[in-house]
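Quick caveat, the model's predicted, so the values are computed rather than measured.
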Amino acid sequence: MFGLLPVITTGYALCPTIAYAQLEPGDRGIPPVETTENLLVTGIRVDVSASSGENARLIGWRLAERKAWQLLWDKRNDFDRDDNLKDPTTPFSDKKLDSIVSSVVVEKEEIGPNRYIATLGVEFDRARGGSLLGLRKNYRHSPPMLLVPLTWTAGAPVSFEWRNAWQKAWAEFKTSHSHIAYVRPTGDNLDPVLLNATQLGSQNQIQWQNILEQYGASGLLTPEIRIHYSWPGGPVSVSFLAKYGIDQKILGHFTLKAASIDNLPVLLKQGVEHIDAIYMMALFGGNLGNDRTFIAIEAPASEVATFTQRSVPAPAYPRDENMALKNNNSGGLSSPEKRKEAPLAPTP
């Protein structure tokens, strides 16, 4: 049976009730990695055989340093390299490379009796390696850009509502070698409320202006992925889109595929690097900067003052009070008499 719930009221008026929005409990927030000035190259695969597993490991690390240096040279050549450098294929000795390598990051490795298979990352010291790379002294950066990764899977979009692999890939991305000044939210506190998938579809300029000011950013970047599974645990295909601005302008897109779901983290890491390259090309092409959506176009003060202080000549003949005002195509009123009737206003 259902009983009646008593309603207790006090006083003669109903007091207004304040409602507080609450987020459902969940595992949120991925702090971005600390950004250093060092230059990091990741995803270097090595497969070495030697007399022992330990020797194969040392040889693999040496080989990874050479591959990483060549990749770093190729990656930075298009953006901030001096034109008067020597041939990029000029080899460096292992001793020279050792002097500029800060660390070797082991992402994945397998050591056998006489074989070493691994995926490594190599971090180079920027102060010592920068001169060898020929980095320009004037290191150009973009304005602060708010980064909101968006994932489409099973027909539903997700940004910071809960932890996801795409958010993690951007949080682990080291931005020291990028020219984009990313503002990366952690995904906790109010981030899921302000930067959710619904907000990304909004065209409200005032609302976005307030959000960008809160995060200290000048523009919005929305790297988007769409994940397609062939079958559970099987091949996976990911479509990447590099979007910019509240109007979600597409700067570039591409597709990467992996043989199994286990390779998805590596696939997303590669996608982050490709999208970062797209954003850098857009920056140097003049297509990425302060979002002009939020820049108010105002008439110069000198023009406004000249207009408002304009002298109006006296009418040459009596004015008809019932005469209708007519606009011509020159952007003003058709006669001095009609200009006197119209109120002064700023120039459009």
ask   = Is any side-chain heavy atom of Asn210 closer than 4.5 Å to a side-chain heavy atom of Gln214?
value = no
Pair up each side-chain donor or acceptor in residues 105-121 with any protein partner under 3.5 Å, not counting sequence neighbours, and list the distances.
from	atom 1	to	atom 2	distance (Å)
Glu107	OE2	Gly43	N	3.2
Glu109	OE1	Arg57	NE	3.4
Glu109	OE1	Tyr116	OH	2.7
Arg115	NE	Asp47	OD1	3.0
Arg115	NH2	Asp47	OD1	3.4
Arg115	NH2	Asp47	OD2	2.7
Tyr116	OH	Trp61	NE1	3.2
Thr119	OG1	Arg45	NH1	3.4

query = Are there more than 12 heavy atoms of other residues, nucleotides or ligands under 6.0 Å from atom NE2 of His274?
reply = yes
task = Classify the ring geometry between Phe240 and Phe254 as parallel (under 30°), tilted (30 to 60°) or perpendicular (over 60°).
result = parallel
Donor + acceptor pair across side chains of Thr42, Glu273 (<3.5 Å) = yes
message = Within the 4.5 Å heavy-atom criterion, are Leu194 and Tyr215 side-chain neighbours or not?
response = yes
query = Given the side-chain rings of Phe284 and His179, with only the six-membered ring counted for Trp, is the space between their centroids under 6.0 Å?
reply = yes
task = Could you tell me which residues satisfy side chain to side chain contact (heavy atoms under 4.5 Å, CB included) with Val101, sequence neighbours excluded, listed by chain and number?
result = Glu65, Val104, Val122, Phe124
query = Which pair of heavy atoms, one from Pro185 and one from Leu195, lies closest together, and at what distance?
reply = CG-CD1, 3.6 Å
query = Are the side chains of Arg226 and Val238 in touch, meaning some heavy atoms are under 4.5 Å apart?
reply = no
inquiry  = Testing the 3.5 Å rule here: is there a donor-acceptor pair between the side chains of Asn196 and Ser159?
reply    = no
ask   = Is the shortest heavy-atom distance from the side chain of Thr255 to the side chain of Ser237 under 4.5 Å?
value = yes
query = With a cutoff of under 4.5 Å between side-chain heavy atoms, which Ile, Leu, Val, Met, Phe, Trp and Tyr residues group with Ile250?
reply = Leu241
query = Does Trp152 share a hydrophobic cluster with Leu200, counting links as ILVMFWY side-chain heavy atoms below 4.5 Å and allowing steps through other members?
reply = yes
request  = State whether a side-chain donor-acceptor pair under 3.5 Å links Ser103 with Glu123.
outcome  = yes
query = Hey, is NZ on Lys67 packed in by over 12 heavy atoms from elsewhere, all under 6.0 Å?
reply = yes
query = Are Val272 and Val266 connected in a single hydrophobic cluster, I mean Ile/Leu/Val/Met/Phe/Trp/Tyr linked by side-chain heavy atoms less than 4.5 Å apart?
reply = no
query = What pairs with Pro265 under side chain to side chain contact (heavy atoms under 4.5 Å, CB included), at least two apart in sequence or on another chain?
reply = none
task = For Ala181, check side chain to side chain contact (heavy atoms under 4.5 Å, CB included) against everything at least two apart and list the hits.
result = Ser142
query = Do Tyr279 and Asn287 meet the criterion of a side-chain donor-acceptor pair at a distance under 3.5 Å?
reply = no
message = Counting C-beta onward and ignoring hydrogens, is there a side-chain heavy-atom pair between Leu221 and Ile180 closer than 4.5 Å?
response = yes
query = Do Glu213 and Gln209 have a side chain donor and acceptor closer than 3.5 Å?
reply = yes
ask   = Going only through I, L, V, M, F, W and Y residues with side-chain contacts under 4.5 Å, is there a path from Leu256 to Leu251?
value = yes
Set of residues satisfying side chain to side chain contact (heavy atoms under 4.5 Å, CB included) with respect to Ser202, sequence neighbours excluded = Gln199, Asn204, Gln207, Trp208
